2 protein chains.
Amino acid sequence: IIVAERLVKTYGTGAAAVHALDHATLSIAAGRFTAVMGPSGSGKSTMMHVMAGLDSVDSGTVRLGGVELTELSERERTVLRRRKVGFVFQSFNLVPSLTAAENIELPLRLAGKRADSAWVDELVTTLGIQERLSHRPNELSGGQQQRVAVARALASRPEVVFADEPTGALDSRAGRALLAFLQRASREFGQTIVMVTHDPVAAGFADRVEFLADGQVVDGFDHPTA
Amino acid sequence: IIVAERLVKTYGTGAAAVHALDHATLSIAAGRFTAVMGPSGSGKSTMMHVMAGLDSVDSGTVRLGGVELTELSERERTVLRRRKVGFVFQSFNLVPSLTAAENIELPLRLAGKRADSAWVDELVTTLGIQERLSHRPNELSGGQQQRVAVARALASRPEVVFADEPTGALDSRAGRALLAFLQRASREFGQTIVMVTHDPVAAGFADRVEFLADGQVVDGFDHPTA
Ligand SMILES: Nc1ncnc2c1ncn2[C@@H]1O[C@H](COP(=O)(O)OP(=O)(O)OP(=O)(O)O)[C@@H](O)[C@H]1O
Ligand SMILES: Nc1ncnc2c1ncn2[C@@H]1O[C@H](COP(=O)(O)OP(=O)(O)OP(=O)(O)O)[C@@H](O)[C@H]1O
Ligand SMILES: [Mg+2]
Ligand SMILES: [Mg+2]
């Protein structure tokens, strides 16, 4: 479903240049749950943003569901993303003026889709945030905000969900509940998931792990167990 | 150095009231490294904010270095905090328009202190951010921003450092380097540290662990090992 080849993204020029991606190549199979690991600053978030159509590259190609993203305009990428992609940002990026419930419904409204209220109810209950839907992000703890961000990405059942360290702010019990839910969404509903994580236990829930270092995909293997 | 007794903090009223702190009592000894653990939403961040003089309470008392915080005005609490406290926020809270180096020096400038450049150099090198000091927060990865936030809290060698999940965005290698550094600061320089964490490995670096649940301190023990 996603094929990224020889992606290059560099910030700055000359001696101070930072090579966020340095000819990174990665394929994600449809319906699979793939974890992406690597040291801080190795290019994981950059890779996710590029594969989700949120960021451009200097060179290389990215095909999402057969569509070449690098040939689309910013506007075309946004339309495609709204229809096909759910994203859990590393910094949550919730809209401060909206309640938790409104944040969760926002991608649906932007894509012109109706919410499947039975699915959203199941999401909210599994994530343990059903009593806080009327609160705004600044009235929620770090972990509660993260769970709202996850519900938002999954609510519209997009073709691909990208999650950038979705359990970073959660205790191990809440983290495992979330990971088990992602695994179920992948195994039972065929949801394609790409998850960045630093936690080997989280990677153990995935079907495959890819390793990034210095902007390159250096390793990968199937069926990781913690 | 910190004595908090029967702290109560409630948001909202009636049926929708949320009891962030529910008669929580906690003492932190000077020069010790204390970890605070507990489920998401149990009141850890709220407790830290109150003990650091960043937030008020409905009832209860908090003494920081012998000074009763609940009797001070907002302004007096700010002056005391600038002189005695360093804080690593769960959401980093870096100033977007300043470079990493300027963010690190900000608390020193606000407190009217001069930087000890040998100490700041050691901090920046240990945390692995020496090559990124001229970049602004939005040019850094999540883990790099977190390390800048930690350097900022430690730069002025405050009496007490509060760190709210300081390794949440770091890979295990960078996380361990940071934790070993905090442990050294405590053991060799007598730095008092209070660290919220979900990670049992991180708690293993502390001298003592306290457990929060539903706004109360329910347990605690010395010399945790992972
Ligand atoms: N402004 C607010 N209005 C309403 N409730 C709030 C507000 N701020 C915090 N809370 C609630 O107080 C409780 C404690 O929050 P706190 O941020 O201290 O939790 P935490 O233990 O740090 O959780 P996490 O591990 O998720 O960061 C939570 O249920 C949170 O939703
Ligand atoms: N706007 C920018 N200007 C300069 N450098 C940047 C910019 N954005 C990202 N970078 C750099 O690109 C590299 C890759 O960043 P990225 O955010 O992808 O890392 P990451 O693997 O997600 O790290 P973490 O685990 O800390 O979140 C980092 O060195 C980062 O500092
Ligand atoms: Mg990242
Ligand atoms: Mg918190």
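Fair warning: this is a prediction, and the values are worked out from it, not measured in the lab. In the text below, chain A, chain B and the rest are named by the order of the sequence lines, each starting its count at 1.
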- Query: Partners of B:F205 by ring pair (Phe, Tyr, Trp, His ring centres under 6.0 Å), sequence neighbours excluded?
  - Reply: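 Per chain and number, B:F205 pairs via ring pair (Phe, Tyr, Trp, His ring centres under 6.0 Å) with no residue.
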Return one line per donor-acceptor pair between chain A and chain B under 3.5 Å, naming both atoms and the distance rounded to 0.1 Å.
from, atom 1, to, atom 2, distance (Å)
A:S40, N, B:D171, OD1, 2.7
A:S40, OG, B:R147, NH2, 2.7
A:R147, NH2, B:S40, OG, 2.7
A:A169, O, B:H198, NE2, 3.2
A:D171, N, B:H198, ND1, 3.4
A:D171, OD1, B:S40, N, 2.7
A:H198, ND1, B:D171, N, 3.4
A:H198, NE2, B:A169, O, 3.2

- Query: Taking every heavy-atom pair that is under 4.5 Å apart, which of B:G168, B:A169, B:G128 has the most such pairs with chain A?
  - Reply: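 Maximum pair count with chain A is reached by B:A169.
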